[in-house]
Amino acid sequence: MTTINYVLHDGSVHSVDANNGDSVMIVAVRNDFEGILAECGGACSCATCHVHVAPEWIDKLPEMDDLEREMLDFAEDVDDFSRLSCQIKISDALEGLVVNVPEKQY
Ligand code: FES
């Protein structure tokens, strides 16, 4: 288990013990966190799982691939800390990861 911290738009912090191998997106969906739609179910084809990774974590994540980079063009408010949460696989290395969930997806 790896603890992932979701900061929702209202400022509330939800720390979840997640299974390694799951995605940051699927854990958010299972916990009914508003702000993650995940319309494509994790196929990297909708960009409605966009999150802003806490700055101290962005360089600790695996690099994003070209498909994720292209899909992020369809998200709103993209910045240097943006990732698609369906593409972040949980592992021991991400213990304590903090992601900021947008108010809504577009
Ligand atoms: Fe669709 Fe992540 S769930 S791109």
Side-chain angles (χ1 to χ4, degrees):
M1 300 289 253
T2 298
T3 302
I4 307 295
N5 302 295
Y6 296 84
V7 183
L8 304 189
H9 185 71
D10 64 4
S12 61
V13 180
H14 301 259
S15 299
V16 179
D17 291 330
N19 293 321
N20 288 349
D22 281 348
S23 69
V24 170
M25 174 279 282
I26 199 68
V27 174
V29 168
R30 284 185 194 136
N31 283 275
D32 290 326
F33 293 152
E34 280 189 35
I36 299 287
L37 294 181
E39 288 175 342
C40 77
C44 202
S45 59
C46 73
T48 63
C49 64
H50 174 217
V51 295
H52 297 275
V53 175
E56 64 271 25
W57 276 99
I58 195 70
D59 291 333
K60 298 175 183 167
L61 298 182
E63 292 258 321
M64 74 172 89
D65 62 18
D66 290 343
L67 180 58
E68 182 180 355
R69 191 171 287 109
E70 289 168 15
M71 284 310 303
L72 267 175
D73 287 342
F74 296 95
E76 288 286 321
D77 301 324
V78 173
D79 62 20
D80 291 344
F81 308 105
S82 290
R83 293 293 302 258
L84 295 180
S85 58
C86 70
Q87 300 302 300
I88 305 173
K89 294 286 179 269
I90 296 168
S91 69
D92 288 342
L94 299 188
E95 173 62 35
L97 173 68
V98 179
V99 295
N100 298 288
V101 179
E103 180 178 15
K104 62 182 181 178
Q105 305 285 340
Y106 296 88

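For ligands, and for the atoms within them, numbers begin at 1 and follow the listed sequence.
Side-chain contact check for Ser15 and Asn5: at least one donor-acceptor pair (N or O, by modelled atom type) lies under 3.5 Å.
Residue pairs satisfying the ring pair (Phe, Tyr, Trp, His ring centres under 6.0 Å) criterion with at least one member in residues 65-93, sequence neighbours excluded, are absent.
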Just distance, no hydrogens or angles: give the donor-acceptor pairs under 3.5 Å from side chains in residues 32-43, sequence neighbours left out.
none

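Each of Asp77, Asp80, Asp79 was checked for a side chain to side chain donor-acceptor pair (under 3.5 Å) with His52, and the lone residue meeting it is Asp79.
For atom 2 (Fe) of ligand 1, protein N/O/S neighbours under 2.8 Å (waters excluded) are Cys49 SG, Cys86 SG.
Atom CG of Asn100 is separated from atom OG of Ser82 by 10.5 Å, given to the nearest 0.5 angstrom.
Under the salt bridge (charged side-chain N to carboxylate O under 4.0 Å, His left out) criterion, Asp66 pairs with Arg69, sequence neighbours left out.
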